[in-house]
*Asks:* 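Handing you this structure, nothing more for now.
Because the structure is a prediction, the values reported are computed rather than measured.
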Amino acid sequence: MKAQTLFASLPAAPLQGHHSPSTDIENTTMTKTLLFALLFALGWIWAGSARAEGIPLLNYSCPGDIELHTDEGGPIYINGSEAETKKFSDAYYEATGSGVTISLSLNVDGTANVSYTGSGGAHGICQPAAGSEQSGGIPLLNYSCPGDIDVHIAKGGPIYINGNETDMKKFSDTYYEGKQDGVTISLTLMPDSSADVSYTAPGGANGICSPAQ
């Protein structure tokens, strides 16, 4: 009788391979959490690639020294920094960055209406940047000039000298000039789609630039 009582008082040993209900619930919850995080990350990546795909190449200047640049298909940059972009429709986007919100409306004729809202309620209309409407025929080019002068020309403009955007002027459909810090880059577009690029620097220095290697 004593042996039976002692045996009955011993705790039952868990069956091998048996998991308690609480452990199963914890594992299920963790799996669902990881799956949700993965789906969220994939959705964010997809949204980032698709949210600005309808945006054309644009360069605009806004009051208050606010500069807007958009690559074709995005992203949108405000004063050189990539902005957080939201797509509300195929014709309307908003970009936020540097304390500024840019509103971008695309018209059916390919033009754009751009406005901004800044801190303190500041707002206004942005205008195409100087030279941005005049440079549609310029191809993508990279040239090196004597005196450690590097020239980069984005498709459609603008012209950059050593990484700095120039004050660009169009004289004809085949001749442009870009000026920055006393250096003038002369760009002539040839009928065979090639280009002649030369420079003039302070002190009368000048020469021919060659395609970058």
*Asks:* How would you list all residue pairs meeting disulfide bond (SG atoms under 2.5 Å apart) that involve residues 65-102, not counting sequence neighbours?
*Replies:* none
*Asks:* Can you list every pair that meets salt bridge (charged side-chain N to carboxylate O under 4.0 Å, His left out) and has a residue in residues 88-108, with sequence neighbours left out?
*Replies:* Lys87-Asp90
*Asks:* May I have the step-by-step check of side-chain contact (heavy atoms from CB on, under 4.5 Å) for Ile153 and Leu187, ending in yes or no?
*Replies:* CA-CA 10 Å; Ile153 306 173; Leu187 169 64; 3.8 Å; yes
*Asks:* Excluding sequence neighbours, so at least two apart, what forms side chain to side chain donor-acceptor pair (under 3.5 Å) with Thr174?
*Replies:* Ser172
*Asks:* Keeping the roles fixed (side chain from Tyr60, backbone from Ala112), state whether a donor-acceptor pair exists under 3.5 Å.
*Replies:* yes
*Asks:* Who passes side chain to side chain contact (heavy atoms under 4.5 Å, CB included) against Ala205, sequence neighbours left out?
*Replies:* Tyr199, Ala201
*Asks:* Walk me through it: do Leu68 and Val114 pass the test side-chain contact (heavy atoms from CB on, under 4.5 Å)?
*Replies:* CA-CA 9 Å; Leu68 169 72; Val114 182; 3.5 Å; yes
*Asks:* Residues two or more places apart in sequence or in another chain: which of them pass side chain to side chain contact (heavy atoms under 4.5 Å, CB included) with Asp148?
*Replies:* none
*Asks:* Using the disulfide bond (SG atoms under 2.5 Å apart) rule, collect all pairs that involve residues 61-111, keeping only residues at least two apart or in two chains.
*Replies:* Cys62-Cys126
*Asks:* Got a sec, which residues hit side chain to side chain donor-acceptor pair (under 3.5 Å) with Asp150, two or more places apart in sequence or on another chain?
*Replies:* Ser144
*Asks:* Once ring pair (Phe, Tyr, Trp, His ring centres under 6.0 Å) is applied, do any residues pair with Tyr160, and if so which ones, sequence neighbours excluded?
*Replies:* His152
*Asks:* Applying disulfide bond (SG atoms under 2.5 Å apart) as the test, list every pair that has at least one member in residues 151-208; sequence neighbours left out.
*Replies:* none
*Asks:* Mind checking side chain to side chain contact (heavy atoms under 4.5 Å, CB included) for Glu177 and listing every partner two or more places apart, or none if nothing turns up?
*Replies:* Phe171, Tyr175, Lys179, Thr184, Ser186
*Asks:* Between the main-chain N or O of Leu58 and the side-chain N or O of Thr70, is there a donor-acceptor pair closer than 3.5 Å?
*Replies:* yes
*Asks:* For Asp192, what residues pass the side chain to side chain contact (heavy atoms under 4.5 Å, CB included) criterion, not counting sequence neighbours?
*Replies:* Met190, Ser194
*Asks:* List, by chain and number, the other hydrophobic cluster members for Tyr92, where Ile, Leu, Val, Met, Phe, Trp and Tyr join if side-chain heavy atoms come within less than 4.5 Å, directly or indirectly.
*Replies:* Phe88
